[in-house]
Amino acid sequence: MTETNNLLLYVSDPEASGRFYAGLLGRVPVEVSPTFVLLVLPSGLALGLWKTTGVEPAPTASGGGSELGFKVAGAADVDAAYAAWLARGARIALPPTDLDFGRSFVALDPDGHRLRVYALADAA
């Protein structure tokens, strides 16, 4: 089996979603077109934003049915990311909260995809 090297989200406006993710994650898209935007994350994972109406076969789900997780070093990093994302206009579904696994918040992208920033409970 090959390594996972990309993740695709189906979006209504790839260019607007590309601007959202570029600002939120501090990454410059490596590919931009009216139907597709690609950003490469520091881990090497590529995040593709594909216009819903151009996908074959057509997707059957919309945003909000799954999450992208962004693990940070500690609880203070969760709070710092929350403040930074909020300042960039991210919609927040869950403010920083201590859960059974650690501290976390959830933001939503323009299509309602959930973005969870978290630190495990044993992280300082």
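A quick note: this is a predicted structure, and the numbers were derived from the prediction, not measured.
Between the side chain of His113 and the backbone N or O of Tyr10 there is at least one donor-acceptor pair closer than 3.5 Å. In this structure a side-chain-to-backbone donor-acceptor pair under 3.5 Å is missing from Arg114 to Gly64. Put simply, the side chain of Asp79 never gets that close to the backbone of Ala76: no donor and acceptor are under 3.5 Å apart.
Val117 approaches Ala81 most closely through the heavy-atom pair CG1-CB, 4.0 Å. Ala119 approaches Val78 most closely through the heavy-atom pair N-CG2, 3.6 Å. Closest heavy-atom contact between Val37 and Gly18: CG1-CA, 3.9 Å. Taking each heavy atom of Pro34 and Glu15 in turn, the nearest pair found is CA-OE1, 3.8 Å. Scanning both residues, Arg103 and Pro96, for their nearest heavy atoms gives NH2-CB, 3.2 Å.
In terms of hydrophobic clustering, with Ile, Leu, Val, Met, Phe, Trp and Tyr side chains grouped at heavy-atom distances under 4.5 Å, Leu9 and Val40 are assigned to different clusters. The hydrophobic cluster containing Leu24 also contains Val32, counting ILVMFWY residues as joined when their side-chain heavy atoms lie under 4.5 angstrom apart, directly or transitively. Clustering ILVMFWY residues whenever any of their side-chain heavy atoms sit less than 4.5 angstrom apart, transitively, puts Val55 in a cluster other than the one holding Leu7. Clustering ILVMFWY residues whenever any of their side-chain heavy atoms sit less than 4.5 angstrom apart, transitively, puts Leu45 in the very cluster that holds Leu47. The same ILVMFWY cluster, assembled from side-chain heavy atoms under 4.5 Å apart, contains both Leu99 and Leu120.
Side chains of Thr52 and Pro59 form a contact here, defined as non-hydrogen atoms less than 4.5 Å apart. Between Leu108 and Ile92, every side-chain heavy-atom pair lies at or beyond the 4.5 Å cut-off. Between Ser12 and Lys51, the closest side-chain pair of non-hydrogen atoms is not below 4.5 Å. Residues Tyr82 and Pro95 meet the side-chain proximity criterion, which asks for heavy atoms closer than 4.5 Å.
With sequence neighbours excluded, no residue satisfies side-chain hydrogen bond (donor to acceptor under 3.5 Å, both in side chains) with Thr97.
Here the two rings, on Phe70 and Trp85, have centers that are under 6.0 Å apart.
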Derivation of the side-chain contact (heavy atoms from CB on, under 4.5 Å) call for Asp111 and Ser17 | CA-CA 8 Å; Asp111 290 277; Ser17 290; 3.4 Å; yes
For Val106 and Leu115, run side-chain contact (heavy atoms from CB on, under 4.5 Å): C-alpha distance rounded to whole Å, both residues' side-chain angles, the deciding distance at 0.1 Å, then the answer.
-> CA-CA 5 Å; Val106 177; Leu115 312 172; 6.0 Å; no
Please report the C-alpha distance between Lys71 and Tyr118 in whole Å, then the side-chain angles of each, then the deciding distance to 0.1 Å, and finally whether the side-chain contact (heavy atoms from CB on, under 4.5 Å) criterion is met.
-> CA-CA 5 Å; Lys71 184 179 178 186; Tyr118 68 98; 3.4 Å; yes
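Here Arg91 does not pair with Asp109 in a salt bridge; the nearest charged N to carboxylate O distance is not below 4.0 Å.
Put simply, the residue from Phe20, Tyr21, Phe36 that forms a side-chain contact (heavy atoms from CB on, under 4.5 Å) with Leu49 is Tyr21.
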